[in-house]
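Have a look at the structure below before the remarks.
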Amino acid sequence: MEKNRNYFIAIALSVLIVLAWQFLYMNPRMEAQQRAEEARRALQGETAQTTSPESPGAQSGSSAPTGALPGAAPGQTTVTREQALAKSQRVQIETPALTGSINLTGARFDDLKLREYHETVDDKSPIITLFSPSDTKDGYFAEVGYIPNESIGTVPGTSTQWTLASGDKLTQQTPLTLSFTNDKGITFTRTISVDDHYMLTVVDKIDNKTGTPVTLTPYGRVIRNNKPATPSVWVIHEGFIGVMGESGSLSEHTYSNIEEEQYTNEKATTGWFGITDKYWAATIVPPQTLPYVTRFSHFTGGQASYQADYKGDDLTVQPGQSTELKNLVFAGAKEVPLISRYETEYAVPQFNRLIDWGWFYFITKPMFQLMDFFFRHVGNFGVAILLTTIVVKALFFPLASKQYASMANMKRMQPKMEELKAKFGDDRMGLQQAMMALYKEEKINPIAGCWPVLLQIPVFFALYKVIYVTIEMRHAPFFGWIQDLSAPDPTSLFNLFGLLPYDVPHFLLIGVWPLVMGVTMFLQMRMNPTPPDPTQAMIFTWMPVVFTFMLASFPAGLVIYWAWNNTLSVTQQAIIMKRHGAKVELFDNLKGLFRRKPAASK
């Protein structure tokens, strides 16, 4: 039994160390790094990044240098979003999911809001702003164009003034047609369409009406001026992302990685790339028939910015002929069913990797699908979490049964173990051999009780991932005061759960559900006898308190899961141990807490 306890203590301490490392070291460190980076940008704000012929150009408001992709704009002054939108001609975007406009200068997607998502749980709060013009503080946009060369003349780029040929508003039913004819008589016709959610399709038709062949070099880019306001955490990737090439390997790079060194991916003919946040993303799917190279960059000239771009191989259009190129631009919420649909409908390879399922994706994704199944039937993700927990407990029931049966057998053998301890005294080797013989005789595996716990750890982290990562959990209510399962319980014991008229510090936000979780964890640990070793006894006593404080800042959905899981475990353990004739120690242990210890004799 003591060995069993040691294994449980080791497991609990391992989890405790990981959590403590995250909250006491990693989070403060990331916040300090962010502050240092902001200070560094302020010092370097007046310097421009030097570019080479193969690196991004330095001008965003005009044509890029020959052979170079457009990049940051040095010395660019920021204006308000309203001022930036008023500076250029625009065409409105109105769909069930999107509202905004297309900038006819560059045919740039730089004004997009997500109609179905609000900044807070209040439906009257502002809707989420995803894209903003480049000359704003939070500039974030996507564009496609062509890199100029001497033979073709002016080509569509960042400063091209497109003409609206047909359509007056981009909707799901009405695409737009833009046109541009350059100084050599080459006509570019761009058709932009959008589906019912977040996929924009850009088809360019190039007509060569000259008497000589022309060469085109397409490009596309997603660029943003700032990192997300909330510091990233280890459980989710935010930054540059892409799947390029036949191998289908995922390319992920954080903002800090690219700040240190630009990254160029290998040439590919399939795939996608872009920038991802926790819930939102902006990606480009280049023409899947033309080889291209993707690159992730950081610019410090003028307003600092981050850019994910591609540069296609040269494409030749013969005299009197035309060709078409199609780019897809995804800009919106990372809804799981929608991302899966796009992967199939548009043949985008491994587009589901846009959602960070983590190392245990083979558990995480099916778990979400199970929760989503329950949600579609009960209409509440909190209830779906409770039902999913029951299913998980049922799947692990055979292992749990073996675990508790092993614990029951260990309890039955306790008197014999005590006899062996008295018999062998300080002879540890002899005691060990005798105990192993006893285990063999009684057919007991002393570590059998640990395996179910070890196997459930990936399930726990997978559920944490589902609740923390998937946008379906964002602002999903439970009951009562829990209006967002992805956020911590907003109540606090230290202001009597809102009865006292003052706010408490963040680290004292010990809400109702963390307290419920702590009580259930306390009861679960009291199902077993108190360890005779004083150190072990102290750990068992204080561990529920420590976990209550640490999990108070976790998403409420995870805390509810843990409390419910503990409750089911206590019930399950009591039933199985009774079946095996072992005594349930819970009530005796609880009585022992309040029993007065006899005074020591003089």
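Computed from a predicted structure; not experimentally measured.
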Q. Are the side chain of T470 and the backbone of V466 linked by a donor-acceptor contact shorter than 3.5 Å?
A. yes
Q. With a 4.0 Å cut-off, would you call D356 and K465 a salt bridge?
A. yes
Q: Apply the test side chain to side chain contact (heavy atoms under 4.5 Å, CB included) to residues L463 and M367: give CA-CA distance (whole Å), side-chain angles for both, the deciding distance (0.1 Å), then the verdict.
A: CA-CA 7 Å; L463 182 63; M367 182 169 289; 3.6 Å; yes
Q. Between N225 and K137, is any pair of side-chain heavy atoms under 4.5 Å apart?
A. no
**Q.** Candidate pair F109 and F131, rule ring pair (Phe, Tyr, Trp, His ring centres under 6.0 Å), full reasoning
**A.** CA-CA 7 Å; F109 303 108; F131 282 170; 7.7 Å; no
Q. Can any side-chain N or O of T210 pair as donor or acceptor with the backbone N or O of T212 at less than 3.5 Å?
A. yes
**Q.** Donor-acceptor contact present, side-chain Q350 to main-chain L250, <3.5 Å
**A.** no
Q) Do the charged groups of R341 and D195 touch, with an N to O distance under 4.0 Å? A) yes
**Q.** Name of the residue among W280, Y255, F296 meeting side chain to side chain contact (heavy atoms under 4.5 Å, CB included) with I275
**A.** Y255
Q. So, does D484 use its side chain to make a donor-acceptor pair with the main chain of H475 at under 3.5 Å?
A. yes
Q) Is there a donor-acceptor contact under 3.5 Å from the side chain of N149 to the main chain of I152? A) yes
Q.
Between R81 and D135, does any NZ, NE, NH1 or NH2 come within less than 4.0 Å of an OD or OE carboxylate oxygen?
A. no
Q.
When you compare the side chains of E94 and Q172, does any donor N or O come within less than 3.5 Å of an acceptor on the partner?
A. no
Q: Could you please spell out the steps behind the side chain to side chain contact (heavy atoms under 4.5 Å, CB included) verdict for K311 and I147?
A: CA-CA 9 Å; K311 179 180 179 181; I147 298 173; 3.8 Å; yes
Q. Do V383 and F375 touch side chain to side chain, with heavy atoms closer than 4.5 Å?
A. no
Q. Is K124 paired with E119 through a side-chain N to carboxylate O contact shorter than 4.0 Å?
A. no
(Q) Within the 4.5 Å heavy-atom criterion, are Y279 and L114 side-chain neighbours or not? (A) no
Q. T120 side chain to D122 main-chain N or O, any donor-acceptor pair under 3.5 Å?
A. yes
Q. Looking at F273, Y310, Y219, which one forms a ring pair (Phe, Tyr, Trp, His ring centres under 6.0 Å) with Y292?
A. Y310
Q: State whether D204 and K326 are salt-bridged, where the test is any N-O pair (Lys NZ or Arg NE/NH1/NH2 against Asp/Glu carboxylate O) under 4.0 Å.
A: no
Q: Output yes when a side-chain donor or acceptor of H237 lies under 3.5 Å from a complementary backbone atom of F240, and no otherwise.
A: yes
Q: Could you check L216, T215, D207 and say which one makes a side chain to side chain contact (heavy atoms under 4.5 Å, CB included) with V317?
A: L216
Q) Okay, side chain of W272, backbone of P349: is any donor-acceptor separation there less than 3.5 Å? A) yes
**Q.** Electrostatic pair R221:E143 at N-O distance under 4.0 angstrom
**A.** yes
Q: Using atom types as modelled and distance alone, determine if a side-chain donor or acceptor of E238 lies under 3.5 Å from a backbone N or O of K278.
A: yes
Q.
Angle between ring planes, F351 versus F330, binned at 30° and 60°: parallel, tilted or perpendicular?
A. perpendicular
(Q) Salt bridge check, K334 against E472: does any charged N sit closer than 4.0 Å to a carboxylate O? (A) no
Q: Indicate yes or no: at least one non-hydrogen side-chain atom of Q307 is less than 4.5 angstrom from one of V222.
A: no
